[in-house]
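Quick note: residue numbers are just sequence positions, from 1. The structure displayed is predicted, hence computed values, not measured ones.
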Amino acid sequence: PTFDGALPTLDGEVALGGDTVPERRHFDQRSFQMGANLDTLSPMALLGVFAEANVWDRIALGVGAGVSFGGPEARAYVRFRPIVWGGEGQRLLNAFTLRSEYRVMRQVSPDALDVFGGAESVGAEYVSRTAQSWGLSAGFEHQLWSGWTIRYDFGFARVFSATPWQCKLGSEPAPCEGEPPSNDLLMTSFGVSHTL
């Protein structure tokens with residue numbers, strides 16, 4: 001008798017009508033990974049490390065810590081992979097990702113960083129404060145057969161809880177002038193990791 005359906009074989013391939021095709025790898029076949037990331041959270045640059053668990057092919061949970069121009073930061077996030085493709089044999093395994101992130105950080109104002117290299121402000125400057133933010137972003141993830149992974153995403157974050165802004169003139173406290181920095185932040189992230 002013959003059978004035209006798909007049958008698994010011993011080497012992880014699938015037999016289909018007498019032919020074999022490699023079975024797609026899944027992200028959760030390698031449960032844990034650790035890596036480093038470079039983020040910008042307008043206008044701050046954040047350099048950090050993270051650890052991540054692939055709880056399912058489509059979902060990863062992660063935590064991270066790092067430092068920015070303003071000081072230390074920590075975060076926790078969940079990353080969804082609604083679209084996954086590739087990964088057959090030794091091919092690149094890819095995913096379109098959506099990430100939701102909570103972060104606590106030292107927030108600085110654009111004027112304090114003098115981002116554009118202009119003249120020093122003659123007025124009072126906002127000093128860094130402790131802030132909590134929630135962010136949403138979208139991007140892509142690419143995992144090599146070797147276990148190395150790169151990911152990048154773009155999105156926005158909003159500060160929902162923070163200590164009050166304070167200002168200084170030189171090294172002395174001073175009344176704040178004008179509008180405080182926005183609570184809405186643009187967010188970009190680039191990370192490299194390896195599975196354990």
Side-chain angles (χ1 to χ4, degrees), residues 5-9 11-17 19-66 68 73-105 131-161 182-196:
L7 292 174
T9 63
D11 57 3
E13 296 183 337
V14 174
L16 183 62
D19 296 325
T20 59
V21 295
E23 185 180 3
R24 181 179 75 79
R25 288 183 288 122
H26 296 266
F27 283 99
D28 57 349
Q29 287 178 244
R30 294 171 169 174
S31 299
F32 298 98
Q33 52 188 321
M34 295 187 67
N37 63 283
L38 175 63
D39 297 355
T40 60
L41 204 62
S42 61
M44 297 177 293
L46 305 158
L47 182 63
V49 294
F50 63 89
E52 188 173 286
N54 291 312
V55 296
W56 183 42
D57 187 39
R58 306 283 178 157
I59 297 179
L61 302 177
V63 295
S68 73
E73 59 94 19
R75 62 193 173 113
Y77 61 89
V78 57
R79 198 150 45 81
F80 301 95
R81 303 180 182 107
I83 302 173
V84 178
W85 73 97
E88 294 85 1
Q90 296 190 11
R91 290 179 55 195
L92 198 64
L93 180 59
N94 308 283
F96 170 72
T97 62
L98 299 171
R99 180 168 59 120
S100 178
E101 175 183 277
Y102 163 80
R103 189 187 301 256
V104 59
M105 61 189 175
Q132 299 178 67
S133 67
W134 197 269
L136 295 171
S137 60
F140 295 92
E141 179 179 10
H142 311 285
Q143 186 184 93
L144 299 169
W145 174 261
S146 63
W148 284 102
T149 302
I150 62 170
R151 77 275 306 272
Y152 45 92
D153 49 45
F154 311 92
F156 67 92
R158 181 171 180 82
V159 174
F160 66 87
S161 178
S182 174
N183 285 331
D184 296 315
L185 308 170
L186 295 178
M187 180 171 61
T188 64
S189 179
F190 176 80
V192 178
S193 62
H194 196 278
T195 53
L196 302 179

query: Relative to each other, are the rings of Tyr102 and Trp134 parallel, tilted or perpendicular (30° and 60° limits)?
result: tilted

query: Minimum heavy-atom separation for Pro82 to Leu98, with atom names?
result: CG-CD1, 4.2 Å

- prompt: Parallel under 30°, tilted from 30 to 60°, perpendicular over 60°: which one fits the rings of Phe50 and Tyr77?
  reply: perpendicular

- prompt: Crowded around Phe156 CZ? As in, over 12 foreign heavy atoms under 6.0 Å?
  reply: no

field: Separation between CZ of Arg91 and CG of Leu144, rounded to the nearest 0.5 Å
entry: 13.0 Å

- prompt: Under a 4.5 Å cut-off applied to non-hydrogen side-chain atoms, are Leu93 and Arg24 in contact?
  reply: yes

task: Find out whether Asp39 and Thr188 are in side-chain contact, i.e. whether some heavy atom of one side chain is under 4.5 Å from a heavy atom of the other.
output: no

message: Could you check whether any side-chain N or O of His194 sits under 3.5 Å from a backbone N or O of Ser146, counting only pairs where one atom can act as donor and the other as acceptor?
response: yes

task: Please name the pair of heavy atoms, one in Met105 and one in Ser133, separated by the smallest distance, quoted to 0.1 Å.
output: CE-OG, 4.0 Å

query: Nearest 0.5 Å, what's the CE-CZ distance between Met187 and Arg158?
result: 14.0 Å

query: Distance from Thr97 atom OG1 to Arg81 atom CZ, nearest 0.5 Å?
result: 8.5 Å

- prompt: Does some side-chain heavy atom of Asn94 sit less than 4.5 Å from a side-chain heavy atom of Phe140?
  reply: no

- prompt: Take atom CZ in Phe32; do more than 12 heavy atoms of anything else shown fall under 6.0 Å from it?
  reply: no

- line: Interatomic distance, CZ@Phe80 vs CZ@Arg58, rounded to 0.5 Å, equals 13.0 Å

- request: Working to the nearest 0.5 Å, report the span between CG of Leu186 and OG of Ser137.
  value: 12.0 Å

Worked check of side chain to side chain contact (heavy atoms under 4.5 Å, CB included) between Met44 and Glu73: CA-CA 11 Å; Met44 297 177 293; Glu73 59 94 19; over 6 Å; no

message: Quick one, Leu46 with Arg75, criterion side chain to side chain contact (heavy atoms under 4.5 Å, CB included). Give me CA distance, side-chain angles, the key distance, then yes/no.
response: CA-CA 11 Å; Leu46 305 158; Arg75 62 193 173 113; over 6 Å; no

message: Closer than 3.5 angstrom, by distance alone: can the side chain of Asn54 be matched with the main-chain N or O of Gln29 as a donor-acceptor pair?
response: no

- line: Heavy-atom closest pair (Gly89 atom, Arg25 atom, distance to 0.1 Å) is O-NE, 3.6 Å

message: Measuring from atom OG1 of Thr40 to atom CZ of Phe190, what distance do you get when rounded to the nearest 0.5 angstrom?
response: 13.0 Å

message: Looking at every non-hydrogen atom in both residues, tell me the closest pair between Arg151 and Ser193 and how far apart they are.
response: NH2-OG, 3.6 Å

message: Is it the case that the side chain of Asp57 and the backbone of Phe27 share a donor-acceptor pair, with hydrogens and angles ignored and the cut-off at 3.5 Å?
response: yes

- request: Find out whether Tyr152 and His142 are in side-chain contact, i.e. whether some heavy atom of one side chain is under 4.5 Å from a heavy atom of the other.
  value: yes

